[in-house]
Amino acid sequence: MSNILHITASIRGDESVSNALGNRLVEGLVAKGGASVTRRDLAANDLPYVSAERFAANLTPIDTRTPDQTQLAAIADTLIAELQAADTIVIASPVYNFGVPATVKAWADLVARAGTTFQYTETGPVGLLTGKKVYLAIASGGTPIGSEIDFMSRWLVFFLGFLGIKDVEIIAADGIMGADGADKIAAAHEKVGQLIA
Ligand SMILES: Cc1cc2nc3c(=O)[nH]c(=O)nc-3n(C[C@H](O)[C@H](O)[C@H](O)COP(=O)(O)O)c2cc1C
């Protein structure tokens, strides 16, 4: 049985285009493969920004942490364990100001842990989260995904690759505020349909 980690980030709940795409994809993957699903809703806005103390705690090995450090590192431990346990990761996210929502960046700052999710080597950093498949379900009002002004998917794909996750499939409903917005959404749903057929 496969383990799906389903990450959401839109502040628009049931109105969200990225959520609708991601939800349908996850439902289809479950129907296909009998997967278990762990949900992480970043729009709940309950992740802390990294701080000097938390960063130090996150890098301290579990058995040498002080009680304070154990508490500070707990959320990153949980997020990293979610990633490690997943073989399939569905990230549904809007484009906010040409990048990822700040909640997604906060998540990234917590899960990038040297020695655990990546490591430094003589030939540069190497990702340790290998063998995973990621689906990115993206919605944007006007920013074309894959264009020069798309720092969202470009950054997220690079970041995931840095962690060793190189198999990334993008489903984009981009430019949904344009005249052909409904067509863009329909095309993205069609792609989801093909992926879960
Ligand atoms: C704070 C904020 C910033 C946004 N910035 C952009 C942007 O830079 N480019 C863009 O195309 N759309 C932008 N949008 C529009 C959203 O990407 C668009 O509404 C999209 O549908 C949101 O995804 P969702 O439907 O999953 O919530 C922004 C929306 C918000 C709320």
Side-chain angles (χ1 to χ4, degrees), residues 4-13 15-26 28-29 39-45 47 49-50 79-80 82-83 86-112 117-118 124-196:
I4 298 176
L5 173 59
H6 182 188
I7 298 173
T8 49
S10 169
I11 58 174
R12 299 201 307 140
E15 303 293 309
S16 159
V17 172
S18 61
N19 278 354
L21 291 167
N23 290 348
R24 192 162 157 223
L25 182 59
V26 170
L29 293 173
R39 289 227 38 197
R40 172 59 60 183
D41 183 19
L42 301 179
N45 215 358
L47 294 189
Y49 294 142
V50 73
L79 298 173
I80 289 169
E82 288 173 357
L83 270 179
D87 43 61
T88 303
I89 302 159
V90 175
I91 304 177
S93 174
V95 176
Y96 285 170
N97 295 306
F98 310 100
V100 288
T103 49
V104 176
K105 184 59 165 57
W107 171 84
D109 288 343
L110 293 168
V111 300
T117 54
F118 71 96
V126 173
L128 298 175
L129 298 178
T130 52
K132 300 179 193 298
K133 166 95 187 177
V134 169
Y135 297 93
L136 293 185
I138 303 173
S140 83
T143 303
I145 296 305
S147 73
E148 261 189 4
I149 59 168
D150 165 26
F151 302 97
M152 189 276 185
S153 77
R154 207 171 346 149
W155 175 80
L156 194 46
V157 168
F158 182 85
F159 175 72
L160 292 167
F162 173 73
L163 299 184
I165 304 171
K166 306 213 185 256
D167 186 358
V168 182
E169 177 98 42
I170 294 180
I171 305 112
D174 52 356
I176 64 168
M177 285 168 190
D180 58 351
D183 293 343
K184 296 276 183 81
I185 296 171
H189 274 280
E190 173 122 13
K191 180 159 182 186
V192 170
Q194 286 163 8
L195 288 168
I196 58 179

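Quick note: numbers below take in every heavy atom, side chains included, and nothing from hydrogens, waters or symmetry partners. Sequence positions, counted from 1, serve as the residue numbers for this chain.
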Visitor: Quick one: CG on Asp87 to CD1 on Ile4, what's the gap to the nearest 0.5 Å?
Guide: 8.0 Å
Visitor: If you look only at pairs with a residue in residues 165-179, which of them pass as a salt bridge (charged side-chain N to carboxylate O under 4.0 Å, His left out), with sequence neighbours excluded?
Guide: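 Qualifying pairs: Lys133-Asp167, Lys133-Glu169, Glu169-Lys191.
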Visitor: Cut-off 3.5 Å, side chains only: do Arg40 and His6 have a donor facing an acceptor?
Guide: no
Visitor: Does the Asp150 side chain pair with the main chain of Ser153, one donor and one acceptor, at a distance under 3.5 Å?
Guide: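 Here the side-chain-to-backbone pair exists.
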Visitor: Just how far is it from atom CZ of Phe98 to atom OG of Ser140, taken to the nearest 0.5 Å?
Guide: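 Phe98 atom CZ to Ser140 atom OG measures 9.5 Å (nearest 0.5 Å).
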Visitor: I need the Ile165 CD1 to Phe159 CZ distance, nearest 0.5 Å.
Guide: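 One gets 8.5 Å once the value is rounded to the nearest 0.5 Å.
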Visitor: Tell me the closest heavy-atom pair linking Leu21 and Ala173, and the distance in Å.
Guide: CD1-CB, 4.0 Å
Visitor: Please report the closest heavy-atom contact between Thr103 and Leu42, naming both atoms and the distance.
Guide: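 Closest approach of Thr103 to Leu42, heavy atoms only: CG2-O, 3.4 Å.
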Visitor: Quick one: do Asn19 and Thr8 satisfy side-chain hydrogen bond (donor to acceptor under 3.5 Å, both in side chains)? Show the steps, please.
Guide: CA-CA 7 Å; Asn19 278 354; Thr8 49; 4.7 Å; no
Visitor: Output the distance between atom CG (Leu128) and atom CG (Leu83), rounded to the nearest 0.5 Å.
Guide: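 Nearest 0.5 Å value for the CG-CG distance: 12.0 Å.
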Visitor: For a quick test of reading the model, state the closest non-hydrogen atom pair linking Ala137 to Gly22 and the distance between them.
Guide: CB-N, 3.9 Å
Visitor: Under 4.5 Å between any side-chain heavy atoms of Leu5 and Thr88, yes or no?
Guide: no
